[in-house]
Amino acid sequence: MVKSAIRKVTMAVLAPAMALGATVGLASAPASAAVWNTCDRWGSTSLDGYKLYNNIWGSGAGSQCLWANSGTGWGVWANHPNTGGIKSYPNSTKTINKTIDSLGRLTSSYNVSVPSSGAYNTSYDIWDTDHQYEIMLWVNDNGAVGPIGTWQASVSLGGHNWNVYKGSNGSNQVFSFLRTSDSRSGTVDIKPILNWIAYTKGWMPGNETIGDVQFGYEITSSSGGLDFHTNNLTINSG
């Protein structure tokens with residue numbers, strides 16, 4: 001599949017040029033009043049130390065609106081056609097800016113409500129500051145979606161069991177950890193996963209700086225309009 005790394009590298013260049021014509025159609029408002037909402041393709045804001053980003057980056061996308069009551073409680077309504085290719089990755093981002101070997105801890109808890117139809121994954125997307133490496137942690141998925149690259153191993157790390165895939169999207173290395181069973185709530189200890197990649201496998205340097213930890217929904221299709229709710233999210237480092 002076409003991966004999301006390109007959106008991070010090119011967003012600063014594309015957004016100004018596309019700003020006037022890139023706004024997607026309006027969708028229904030969230031069920032309850034929110035402190036912030038957007039239906040803009042690149043709509044974003046900062047709340048409570050997190051950045052919320054609508055991020056409709058793929059081609060052939062439909063309408064999508066993101067609303068937030070806080071940086072850790074937010075949701076998305078998306079109506080993307082049943083065609084191939086990722087349409088969007090609405091997410092909440094926490095900036096870390098610490099090297100793997102200097103991180104004492106990096107943990108996150110999540111609680112989500114996701115639809116039973118459509119094609120998507122609920123995932124963490126973790127980036128180094130140079131965007132050479134992308135680490136995805138899929139906690140649930142639905143429909144015809146799959147990771148980049150080839151299967152490497154089955155491991156138990158950070159409190160979960162994963163199938164690990166490794167590949168490249170042409171711009172950066174991608175390490176995808178797919179939870180062996182779907183989960184809608186839990187806690188992930190991310191530091192042991194980074195250690196395994198760097199020190200057990202040697203796939204990236206231990207002094208690589210982890211920049212952003214994102215959490216959101218990589219949506220391929222959601223025809224008719226589907227709701228994705230992040231009921232709670234915390235990302236903590238030290």
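Residues Arg105 and Asn236 have side chains in contact (heavy-atom distance under 4.5 Å, counting atoms from C-beta outward). A 4.5 Å side-chain heavy-atom check between Gln214 and Thr93 finds at least one atom pair inside the cut-off. Counting heavy atoms from C-beta outward, Trp162 and Trp138 have side chains that stay 4.5 Å or more apart. Contact of the Glu134 side chain with the Gln173 side chain is not registered, since no non-hydrogen atoms from C-beta on lie closer than 4.5 Å. In this structure, the side chains of Ser222 and Tyr120 stay at 4.5 Å or more apart for every pair of heavy atoms. Within the 4.5 Å cutoff, side-chain heavy atoms of Leu194 are placed close to those of Ile210. Counting heavy atoms from C-beta on, the side chains of Ile190 and Ile135 never come closer than 4.5 Å. Side-chain contact check for Ile86 versus Ile219: every heavy-atom pair is 4.5 Å or farther apart.
With sequence neighbours excluded, the residues forming a ring-ring contact (aromatic ring centres under 6.0 Å, His included) with Trp196 are Phe177, Trp203, listed by chain and number. Applying the side-chain hydrogen bond (donor to acceptor under 3.5 Å, both in side chains) criterion to Thr95, with sequence neighbours excluded, gives Asp212. Scanning for side chain to side chain contact (heavy atoms under 4.5 Å, CB included) contacts around Lys94 gives Tyr50, Ile96, Ile235, with sequence neighbours left out. In this view, Asn195 and Ile100, Lys191, Tyr199 satisfy the side chain to side chain contact (heavy atoms under 4.5 Å, CB included) rule, not counting sequence neighbours. For Pro205, the side chain to side chain contact (heavy atoms under 4.5 Å, CB included) test picks out Tyr133, Asn207, Glu208, with sequence neighbours left out. Evaluation of the side chain to side chain contact (heavy atoms under 4.5 Å, CB included) rule for Ser181 yields Arg179 as partners, not counting sequence neighbours. For the side-chain hydrogen bond (donor to acceptor under 3.5 Å, both in side chains) test, residues two or more places apart in sequence or in another chain that qualify with Ser183 are Tyr110. The ring-ring contact (aromatic ring centres under 6.0 Å, His included) test applied to Tyr124 returns Phe215, not counting sequence neighbours. When the side-chain hydrogen bond (donor to acceptor under 3.5 Å, both in side chains) test is applied to Thr187, the partners found at least two apart in sequence or on another chain are Ser109. For Ser113, the side-chain hydrogen bond (donor to acceptor under 3.5 Å, both in side chains) partners at least two apart in sequence or on another chain are Asn231.
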Q) Passes side chain to side chain contact (heavy atoms under 4.5 Å, CB included), His80 versus Ser88? Steps please. A) CA-CA 9 Å; His80 298 303; Ser88 66; 3.5 Å; yes
**Q.** Derivation of the side chain to side chain donor-acceptor pair (under 3.5 Å) call for Asn161 and Ser156
**A.** CA-CA 4 Å; Asn161 296 319; Ser156 180; 3.1 Å; yes
(Q) For a side chain to side chain contact (heavy atoms under 4.5 Å, CB included) check, start with the C-alpha distance between Ile148 and Ser168, then their side-chain angles and the critical distance, and finish with the verdict. (A) CA-CA 7 Å; Ile148 274 182; Ser168 172; 5.8 Å; no
Q: Give the intermediate values and the outcome of side chain to side chain contact (heavy atoms under 4.5 Å, CB included) for residues Thr72 and Asp48.
A: CA-CA 8 Å; Thr72 62; Asp48 311 310; 5.6 Å; no
Q | Worked verdict on Ser108 versus Leu233 for side chain to side chain contact (heavy atoms under 4.5 Å, CB included) | A | CA-CA 7 Å; Ser108 179; Leu233 170 70; 3.7 Å; yes
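For the side chain to side chain donor-acceptor pair (under 3.5 Å) criterion with Tyr217, the lone passing option out of Thr230, Asn91, Asn121, Thr122 is Thr230.
A distance-only check finds no donor-acceptor pair linking the side chain of Asn142 to the backbone of Ala119 [under 3.5 Å]. Using a distance-only test at 3.5 Å, with no hydrogens or angles considered, no donor-acceptor pair links the side chain of Thr200 to the main chain of Ile197. Between the side chain of Asp130 and the backbone N or O of Gln132, no donor-acceptor pair lies under 3.5 Å. No donor-acceptor pair under 3.5 Å is formed between the side chain of Glu218 and the backbone N or O of Gly216. Counting only distance, with no hydrogens or angles, the side chain of Ser92 and the backbone of Gly71 share a donor-acceptor pair below 3.5 Å. At least one donor-acceptor pair under 3.5 Å links the side chain of Asp182 to the backbone N or O of Asp141.
Closest heavy-atom contact between Ala61 and Ile56: CB-CG2, 3.4 Å. Minimum heavy-atom separation, Ser123 to Tyr89: O-OH, 2.9 Å. Closest of all the heavy-atom pairs between Thr220 and Lys87 is O-NZ, 2.7 Å. The minimum heavy-atom distance linking Pro81 with Gly60 is given by the pair CG-O, 3.2 Å. Minimum heavy-atom separation, Asn111 to Ser185: ND2-CB, 3.7 Å. Here the closest heavy-atom approach between residue Asp40 and residue Thr38 is recorded as N-OG1, 3.1 Å.
The structure places CG of Asn82 at 4.5 Å from OG of Ser221, a figure rounded to the nearest 0.5 Å. Expressed to the nearest 0.5 Å, how far NZ of Lys201 lies from CZ of Phe175 amounts to 11.0 Å. Residue Leu178 holds its CG atom at 9.5 Å from CG of Leu137, rounded to the nearest 0.5 Å. Separation of atoms OH (Tyr53) and CG (Leu66) is listed at 11.5 Å; rounding is to 0.5 Å. Here the OG1 atom belonging to Thr45 is positioned 10.5 Å from the CG atom belonging to Asn37, to the nearest 0.5 angstrom.
For the residue pair Gln64 / Asn79, no side-chain donor-acceptor distance below 3.5 Å is found, with atom types taken as modelled. In summary, the side chains of Asn163 and Ser154 do present a donor paired with an acceptor at a separation below 3.5 Å, with no hydrogens or angles considered.
Trp77 has its ring centre no less than 6.0 Å from the ring centre of His229.
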